[in-house]
Chemist: 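Below is one structure. I have some questions about it.
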Amino acid sequence: MAQTDKVLVLGALVGVAGISLAVVCYKGFRSRRRGSWPGFYLNRTNKQGTGVMLVDGPVLPRGQVEVLERLEALIQCVSELKDEMKALKNALPTLQDKVREELRVRAEIRRSSSLHRTTPTRRKRTAGSITGAIASGRSSEEAESEGGYMTALTDSEEEEPSDSEQGDEEQPEDRFSILLERIDRLHQGTDDDKRESLNILLEQREKFGEDSAFLWRLIRAYCDVHDISSNVEEKKTHAETGKKVGEEAVRLNPTCAQSHQWYAIMCGIMADYDTIQNKIKNGYIFKDHLDKAIELKPQDPMSYYLLGRWCYAVAQLSWIERKVAATLFGEPPSATIEDALRNFLKVEEIHPGYSKLNYVFLAKCYKVLGQREKAKKMCAAACSMSAASKEDEEAQKELDSLCPALGI
């Protein structure tokens with residue numbers, strides 16, 4: 001048994017022995033005192049008078065009787081305490097083993113739990129307790145025991161964070177997820193929703209501006225606001241700013257497919273505001289980043305749709321435009337209608353009925369290749385889809401001129 005436990009038991013036993021001796025002395029003194037005191041009592045009028053009381057020995061004053069009764073109650077309590085101390089003395093030899101067994105069971109439960117996490121603070125404190133115990137002359141067994149008590153006491157305080165701490169830990173991530181969900185909803189909404197989306201993202205940029213999931217949505221928001229703006233200068237400003245954000249996004253995280261995708265889109269938008277040289281340059285950048293997006297996320301239909309549009313546009317370049325590209329960059333961009341058709345068909349394979357405009361470009365490719373029946377089939381599929389966006393409205397305009405050319 002540990003030395004401190006032995007001292008505790010000896011002290012308790014000495015105290016009980018002292019109380020027992022005092023009780024024995026008190027009983028002898030009470031016996032002698034009851035034989036020498038005269039008897040009297042108080043009648044109902046509270047007047048003192050003589051009489052006979054059925055008591056064992058001479059009658060005592062009422063106050064002294066109450067004192068004696070309290071002393072007897074105290075004696076009874078002391079007697080019960082003495083019995084409890086005896087029981088404690090008998091249990092102490094096995095108490096340490098029981099505590100160790102309980103701590104061992106708790107440790108096994110914590111290790112088997114997937115949520116168990118030992119904090120450095122608790123480890124350091126427990127190790128310090130054991131080291132301090134050894135340094136002060138206590139045995140390694142005592143140190144281990146106190147280390148075990150420290151573990152049991154600090155598990156609930158240091159190992160498992162409180163509800164408020166858990167809330168603080170999860171709160172930033174939850175706020176970010178909620179923000180992204182809200183931005184995605186606004187992207188699908190009205191023009192005012194899209195403007196609100198851009199404003200919210202700009203307000204939160206300082207806080208989340210290093211995160212790829214945030215940045216590519218910011219590029220997308222600039223693209224949305226560009227499309228709904230009516231002022232040319234405003235549109236150009238949004239395109240230029242969006243492109244700069246795209247450059248930052250792909251630099252911070254080159255493995256984010258959406259960042260490459262939306263950066264490519266902004267490069268395509270900038271073609272409307274740049275010189276011929278920059279248009280061709282942005283065309284190369286557009287193609288490179290779309291290829292990277294497809295490499296990183298090969299099942300995204302949007303990337304194949306955009307690449308199909310690029311291939312179709314390059315295949316339609318005039319001889320002069322090709323010569324200008326060759327003069328400026330040494331080698332003009334190269335793509336065929338077959339390349340465009342292959343990408344548009346890949347979109348339909350991944351996501352059947354992806355968009356009204358994808359059907360329109362399938363029809364245009366088949367028309368150029370002389371496959372009129374397939375072109376008519378694609379026009380019919382496009383006409384069956386409603387116009388729910390500005391892109392769909394663009395598709396409908398294309399259909400209005402394409403269908404008569406195909407005899408529909």
Side-chain angles (χ1 to χ4, degrees), residues 172-231 234-250 252-253 255-272 286 289-290 292-294 296-297 299-309 347 350-360 385-396:
E173 183 178 352
D174 290 343
R175 283 202 302 266
F176 186 59
S177 299
I178 293 171
L179 171 65
L180 297 185
E181 291 175 3
R182 182 183 179 189
I183 294 301
D184 290 340
R185 287 195 302 271
L186 292 173
H187 168 66
Q188 301 294 334
T190 63
D191 291 353
D192 290 337
D193 291 335
K194 292 175 180 179
R195 292 185 185 278
E196 182 184 356
S197 172
L198 178 60
N199 292 333
I200 293 173
L201 289 168
L202 291 176
E203 290 173 358
Q204 299 294 325
R205 185 174 183 180
E206 184 176 353
K207 189 172 185 178
F208 302 112
E210 299 293 319
D211 194 289
S212 298
F214 178 89
L215 285 176
W216 72 256
R217 285 175 171 84
L218 180 57
I219 307 170
R220 184 182 67 183
Y222 275 116
C223 179
D224 288 341
V225 176
H226 166 272
D227 291 342
I228 63 178
S229 297
S230 55
N231 183 278
E234 184 181 348
K235 291 171 76 72
K236 182 179 179 181
T237 299
H238 290 313
E240 290 174 341
T241 308
K243 184 183 176 185
K244 291 178 182 177
V245 176
E247 293 172 352
E248 180 183 356
V250 297
L252 288 175
N253 186 4
T255 63
C256 179
Q258 289 91 339
S259 293
H260 287 283
Q261 185 184 82
W262 284 99
Y263 176 48
I265 292 172
M266 294 308 298
C267 290
I269 291 175
M270 279 300 299
D272 295 335
F286 180 93
H289 285 279
L290 271 185
K292 187 65 176 178
I294 291 174
L296 293 170
K297 195 175 180 181
Q299 294 301 309
D300 188 343
M302 184 176 181
S303 295
Y304 290 102
Y305 168 74
L306 294 171
L307 186 55
R309 293 283 299 263
V347 173
I350 296 173
H351 191 308
Y354 175 73
S355 73
K356 190 180 185 77
L357 203 50
N358 191 67
Y359 281 133
V360 170
M385 299 181 68
S386 60
S389 64
K390 288 189 175 181
E391 186 181 73
D392 293 338
E393 294 174 1
E394 177 188 345
Q396 189 59 49

Chemist: Quick one, Ile269 and Met266 - any side-chain contact, counting heavy atoms below 4.5 Å?
Modeler: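 In short, these two side chains touch, coming nearer than 4.5 Å.
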Chemist: To the nearest 0.5 Å, what is the distance between CE on Met302 and CD1 on Ile294?
Modeler: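 The CE atom of Met302 sits 12.0 Å away from the CD1 atom of Ile294.
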Chemist: Could you tell me if the side chain of Ile183 sits less than 4.5 Å from the side chain of Gln204, heavy atoms only?
Modeler: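 A side-chain contact under 4.5 Å is absent here.
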Chemist: Whether the side chain of Lys243 engages the backbone of Cys267 through a donor-acceptor N/O pair (distance < 3.5 Å, no angle test) should be reported.
Modeler: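 Not at all, since once roles are kept as given, no pair shorter than 3.5 Å links the two residues.
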Chemist: Side chains of Phe214 and Phe176: closer than 4.5 Å at any heavy-atom pair?
Modeler: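 In contact.
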Chemist: Is there a side-chain contact between Leu179 and Ile200 (heavy atoms, below 4.5 Å)?
Modeler: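 Touching, per the 4.5 Å side-chain cut-off.
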Chemist: Between Ser197 (side chain only) and Asp193 (backbone N and O only), is there a donor and an acceptor less than 3.5 Å apart?
Modeler: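 No: the side chain of Ser197 does not pair with the backbone of Asp193.
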Chemist: Side chains of Ser229 and Asn231 only: does a donor on one sit below 3.5 Å from an acceptor on the other?
Modeler: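 No, no side-chain donor-acceptor contact under 3.5 Å.
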Chemist: Could you check if a side-chain atom of Trp262 sits within less than 4.5 angstrom of a side-chain atom of Val245, using non-hydrogen atoms only?
Modeler: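 They are not in side-chain contact.
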Chemist: With heavy-atom distances below 4.5 Å as the criterion, would you say the side chains of Ile265 and Tyr222 are in contact?
Modeler: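 They are not in side-chain contact.
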Chemist: Keeping Asn199 on the side-chain end and Arg195 on the backbone end, is there a donor-acceptor pair under 3.5 Å?
Modeler: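 Yes: the side chain of Asn199 pairs with the backbone of Arg195.
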Chemist: Do any N or O atoms from the side chain of Arg217 and from the backbone of Ala213 form a donor-acceptor pair under 3.5 angstrom?
Modeler: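 Pair found, side chain donor or acceptor close to backbone of Ala213.
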Chemist: Look only at the side chain of Lys356 and the backbone of Met385, and say whether a donor-acceptor pair between them is shorter than 3.5 Å.
Modeler: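 Such a contact is found between Lys356 side chain and Met385 backbone.
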